[in-house]
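This report refers to the structure that appears directly beneath it.
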Amino acid sequence: EPEVTQTPSHQVTQMGQEVILRCVPISNHLYFYWYRQILGQKVEFLVSFYNNEISEKSEIFDDQFSVERPDGSNFTLKIRSTKLEDSAMYFCASSEVGAGISGANVLTFGAGSRLTVL
Amino acid sequence: AQKVTQAQTEISVVEKEDVTLDCVYETRDTTYYLFWYKQPPSGELVFLIRRNSFDEQNEISGRYSWNFQKSTSSFNFTITASQVVDSAVYFCALSEANTDKLIFGTGTRLQVFP
């Protein structure tokens, strides 16, 4: 079964460092997402991406964050100058269609990248 | 404003018991979608079901069933004859029409003991 793959599975970084989390979405999917889950808390939407641009973002997704699809397969989340509160599990997801086309899209999530900021 | 409430933080049952996970949602939209996702100990989020607001028919899939009631804004999930492998955190989520965003509840941790 097709899956979304994320690397690294766990990254430890020092406060103030830049981090790039990588995702390979399902190959025929066109919509990409990042969510995060602070330990023990709910999963929160960060950003959605379609046609090489951000289609929607939450208030969490400030100037510290950026997303990119550098080639035909990868989708990355960059966190500049990490803070302690950025420690979380970051989930990438993809869907074949977007919300506006078929109603609600069904997201396939990756296994997550755990980020620990010290 | 959209909101999903899962009042049960943690439920423990013994294998073969039935268990119902509650989900109450709030939205002003007339068109919306409800989801359940499972997060096993390995951490990934596994899609279980999606319902749209126009379809109140209950659904059964093996030992899983879902009860959608618009009158009470609830979308409850029942596992019949629970098994140890059902142990996970279960998230209910809401999406309104024409938005990419899924609003998750805080999750219910289900522990099934042998």
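Throughout, protein chains are lettered first and strands after them, A, B, ... in sequence-line order, and every chain is numbered starting at 1. Source: prediction; values computed, not measured.
Dense packing is recorded around NZ of Lys70(B), with more than 12 heavy atoms of other residues, nucleotides or ligands lying under 6.0 Å away. Residue-environment remark: CZ (Arg69(A)) exceeds the threshold of 12 foreign heavy atoms within 6.0 Å. Taking a 6.0 Å sphere around CG of Leu39(A), one finds it holds 12 or fewer heavy atoms contributed by other residues, nucleotides or ligands. For Glu85(A), the CD atom sits in a packed shell: over 12 heavy atoms of surrounding residues, nucleotides or ligands are nearer than 6.0 Å. Other residues, nucleotides and ligands contribute at most 12 non-hydrogen atoms within 6.0 Å of the CG atom of Asp63(A).
Annotation: salt bridge (Lys or Arg N to Asp or Glu O under 4.0 Å) contacts of Glu56(A) (sequence neighbours excluded): none. For Thr27(B), the side-chain hydrogen bond (donor to acceptor under 3.5 Å, both in side chains) test picks out Glu96(B), with sequence neighbours left out.
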Take Tyr35(A) and Phe104(B) through the test side-chain contact (heavy atoms from CB on, under 4.5 Å) and record every step on the way to the result.
-> CA-CA 10 Å; Tyr35(A) 283 76; Phe104(B) 283 83; 3.8 Å; yes
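Counting heavy atoms from C-beta on, the side chains of Gln39(B) and Phe109(A) never come closer than 4.5 Å. The shortest distance between side-chain heavy atoms of Leu45(B) and Phe91(A) falls below 4.5 Å.
Gln6(B) does not touch chain A: none of its heavy atoms, backbone or side chain, sits under 4.5 Å away. Heavy-atom distances place the side chain of Tyr37(B), and not its backbone, under 4.5 Å from chain A. Residue contact with chain B, scored on non-hydrogen atoms closer than 4.5 Å, is absent for Gln6(A). If you measure heavy-atom distances from Leu46(A) to chain B, you find no contacts under 4.5 Å at all.
Note on Gln37(A), Glu44(A), Arg114(A): by heavy-atom pairs under 4.5 Å with chain B, the leading option is Gln37(A). Comparing Gly105(B), Gly107(B), Ala93(B) by how many heavy-atom pairs each has under 4.5 Å with chain A, the most go to Gly105(B).
Hydrophobic clustering (side-chain heavy atoms under 4.5 Å, transitive across Ile, Leu, Val, Met, Phe, Trp, Tyr) groups Val43(A) together with Val89(B).
Shortest non-hydrogen contact noted between Phe91(B) and Lys42(A) is CE2-CA, 4.3 Å.
How far NZ of Lys101(B) is from OG of Ser58(A): 7.5 Å, rounded to the nearest 0.5 Å. Atom CG of Leu107(A) is separated from atom CZ of Arg50(B) by 10.5 Å, given to the nearest 0.5 angstrom.
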